[in-house]
Amino acid sequence: MVQSVKTSSERSEEQRFGEFDYIIIGAGTAGCVMAERLGADPAVRILVLEAGPPDDWIWVKIPVGYIYCIGNPRTDWCFRTVDEPGLNGRSINYARGRVLGGCSSINAMLYLRGQAEDYDGWAALTGDSRWSWENVLPVFRRSEDHWRGASAFHGAGGRWRVERQRLSWKLLDAFTEAAIESGIPATDDFNRGNNHGVARFEVNQRRGVRWSASRAFLRPALARGNVTVLTGAMVRTLQFEGARCTGVVFEQGGVVRSAAARAETVLAAGAIGSPHILQLSGIGPGELLRSHGIDLRHDLPGVGANLHDHLQLRMAFKVSGVPTLNEQVHSWWGKVRMGLQYALTRSGPLAMAPSQLGAFAMSDPSRVRPNIEFHVQPLSLERFGEPLHRFPAFTASVCNLQPTSRGSVCLQSSNAHEPPAIRLNYLSTPEDRQVAVESLRLTRRIVTESRAMARYHPEEFLPGPNFTTDDDLARAAGDLGTTIFHPVGTCRMGRHDDSLAVVDSELRVRGIESLRVVDASVMPVISSGNTNSPTLMIAERAADLMTGRR
């Protein structure tokens with residue numbers, strides 16, 4: 001446990017907690033970065049509020065521990081979506097980190113930046129060239145401690161460790177060859193601005209141990225002595241004097257407290273938490289807030305709108321003549337061997353990220369840049385949280401990187417403890433349904449029409465070979481589809497004339513003083529890949545803006 005973390009038993013029962021220069025709400029990826037960067041000035045005092053517990057549980061550290069952290073209230077908010085028409089009426093689990101480090105303590109650990117066009121698009125939408133690929137690349141490099149060392153695209157000596165995975169699977173090698181046969185080129189780096197290709201994912205690990213934002217940024221910040229972190233601190237509402245945010249009211253251990261911010265308050269509670277807290281504080285769509293008895297402070301209709309995510313479609317295939325993880329986990333000796341391998345070398349299945357092999361491709365030849373991402377795993381199961389199958393098989397998930405469907409996050413009560421309604425509207429546009437159909441067809445071609453995979457006799461069983469027409473595959477996408485845990489956009493940044501923009505290009509909340517949002521919610525459009533490291537970059541840029549660094 002981090003010694004500087006204060007619990008309710010260590011604090012008096014007084015209502016007023018104190019005054020700080022900055023209050024950061026949320027100790028997830030962005031909050032941890034902000035604490036470290038703002039806290040570099042020893043004259044600054046910072047309070048970080050985290051609703052979850054410390055990150056001292058063993059399964060937070062061991063990479064494969066995500067299977068115990070996701071869906072566990074010890075480390076996960078355990079949200080659920082509303083029933084989704086595009087998912088054939090299903091509601092799905094929606095994991096969000098509720099622990100120091102946030103999602104970086106429970107996620108897939110994959111280091112991906114996205115595509116240059118993503119950030120050039122942000123620059124165009126905000127009118128601010130500081131968000132262009134050319135200008136965010138140095139920010140990515142500054143954070144990095146990359147296994148390759150320093151180069152034009154990578155950094156060395158930063159806090160965000162990036163390593164190669166410590167494992168080997170013949171099946172993944174065969175899928176790589178099959179992808180190349182299908183026209184997807186081999187690559188050795190997804191992070192140069194053009195991620196077209198197939199390769200093993202790089203991961204945020206240090207010698208086979210998860211390297212979360214808490215370990216990389218928050219612990220060094222705490223060591224300086226000017227950062228205070230409270231765990232188990234649930235934010236109720238922001239405080240104001242006129243149009244200026246002056247602090248926060250939170251609950252810890254059943255005691256309601258308040259804290260004041262002299263300079264600024266930073267909302268870093270994520271794409272679900274940040275809009276929810278704004279709405280609880282009277283900032284958001286006026287009609288929605290009034291309907292729940294919340295006094296409207298500032299009518300900002302974009303708060304909670306523009307929610308979007310990468311929907312993954314999990315295809316699975318039986319194989320023969322090649323080992324998969326399915327057999328190992330159902331073997332007593334296989335489990336012992338995995339444990340010994342990790343204990344002695346920090347490698348093998350216990351060091352595995354949830355996905356080991358990736359590929360970025362075009363769902364149809366008319367595309368000018370990759371619009372789908374594969375996550376390939378030497379295992380299979382019916383759904384997350386259930387046991388692996390007892391027969392050898394693998395999973396090839398594919399997701400739409402640039403979805404056009406948009407949803408919302410809306411409070412359901414003035415009670416901060418009641419979760420908001422999360423509505424993704426997956427597959428609600430013809431474009432997204434067409435990409436889903438094309439993605440499933442391409443996956444089939446790679447697996448069943450390649451020489452490389454033929455030697456292992458793949459047999460599709462999810463969704464199954466009987467799904468052949470476009471209508472069949474669209475229906476299968478609704479049955480198979482689930483989140484890959486990348487919600488963004490609910491406090492999007494934009495130009496002054498964008499009526500749905502919540503923050504400006506410097507991440508300041510429109511119409512409110514001394515309040516910023518710094519997390520994945522400010523992305524106007526989702527990045528074309530996993531979103532954790534882009535969120536880290538956003539926090540780095542925000543710290544630069546707040547401290548005047550150029």
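These numbers come from a predicted model, not from an experiment.
Checking Thr483, Thr81, Asn400 one by one against Asp309, the side chain to side chain donor-acceptor pair (under 3.5 Å) holds for a single residue, Thr483. When Leu442, Val198, Leu357 are each tested for a side-chain contact (heavy atoms from CB on, under 4.5 Å) with Phe374, only one passes: Leu442. Screening Asp471, Asp472, Asp479 against Arg475 for a salt bridge (charged side-chain N to carboxylate O under 4.0 Å, His left out) leaves a single residue, Asp472. Checked against Phe190 for a ring-ring contact (aromatic ring centres under 6.0 Å, His included), the options Tyr111, Phe360, Phe153 give a single hit: Phe360.
The minimum heavy-atom distance linking Gln115 with Leu401 is given by the pair NE2-CD1, 4.2 Å. The shortest non-hydrogen separation linking Ile272 to Pro420 is CG2-CG, 3.8 Å.
Donor-acceptor pairing under 3.5 Å is recorded for the side chains of Ser405 and Ser428. Side chain to side chain, Glu181 and Ser450 fail the donor-acceptor criterion of an N or O pair below 3.5 Å. Using modelled atom types and a 3.5 Å distance limit, the side chains of Asn191 and Arg113 yield no donor-acceptor pair.
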Practice prompt. Could you walk me through whether Leu325 and Gln377 pass the side chain to side chain contact (heavy atoms under 4.5 Å, CB included) test, one step at a time?
Written response: CA-CA 9 Å; Leu325 190 60; Gln377 308 130 350; over 6 Å; no
Worksheet item: Under the side chain to side chain donor-acceptor pair (under 3.5 Å) criterion, do Thr429 and Thr404 qualify, and how do the steps go?
Response: CA-CA 7 Å; Thr429 66; Thr404 55; 2.6 Å; yes
Item to complete: Please lay out, stage by stage, how Met109 and Phe201 fare under the test side chain to side chain contact (heavy atoms under 4.5 Å, CB included).
Response: CA-CA 9 Å; Met109 298 163 283; Phe201 287 120; over 6 Å; no
Practice prompt. Could you walk me through whether Arg210 and Lys61 pass the side chain to side chain contact (heavy atoms under 4.5 Å, CB included) test, one step at a time?
Written response: CA-CA 5 Å; Arg210 176 187 290 274; Lys61 301 173 184 177; 5.6 Å; no
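Between Arg492 and Asp498 there is a salt bridge, with a side-chain nitrogen of the basic residue lying less than 4.0 Å from a carboxylate oxygen of the acidic one. Using a cut-off of 4.0 Å between Lys/Arg side-chain N and Asp/Glu carboxylate O, Asp544 and Arg142 are scored as salt-bridged. Look at Arg130 and Glu506 and you find a salt bridge, because one of the NZ, NE, NH1 or NH2 atoms lies within 4.0 Å of a carboxylate O, short of that distance. Between Arg383 and Glu386 a salt bridge is recorded (basic side-chain N to carboxylate O distance below 4.0 Å).
Under the 4.5 Å side-chain criterion, counting only non-hydrogen atoms from C-beta, Glu117 is not in contact with Trp133. Under the 4.5 Å side-chain criterion, counting only non-hydrogen atoms from C-beta, His496 is not in contact with Asp504. For the pair Leu218 and Glu36, the minimum side-chain heavy-atom distance is 4.5 Å or more. The side-chain heavy atoms of Arg98 and Ile106, taken from C-beta on, include no pair separated by under 4.5 Å. Inter-residue side-chain proximity for Pro63 and Met352 is flagged as unmet; no heavy-atom pair is nearer than 4.5 Å. Between Leu313 and Met315 the shortest side-chain heavy-atom distance does not fall below 4.5 Å. Using a 4.5 Å heavy-atom cutoff, the side chains of Phe140 and His154 are not in contact.
Atom CD of Glu134 is surrounded by 12 or fewer heavy atoms from other residues, nucleotides or ligands within 6.0 Å.
Partners of Arg541 under the side chain to side chain donor-acceptor pair (under 3.5 Å) rule, at least two apart in sequence or in another chain, do not exist in this structure. Every residue two or more places apart in sequence or in another chain was checked for a ring pair (Phe, Tyr, Trp, His ring centres under 6.0 Å) with Trp211, and none qualifies. Not counting sequence neighbours, His276 has no partner by the ring pair (Phe, Tyr, Trp, His ring centres under 6.0 Å) test.
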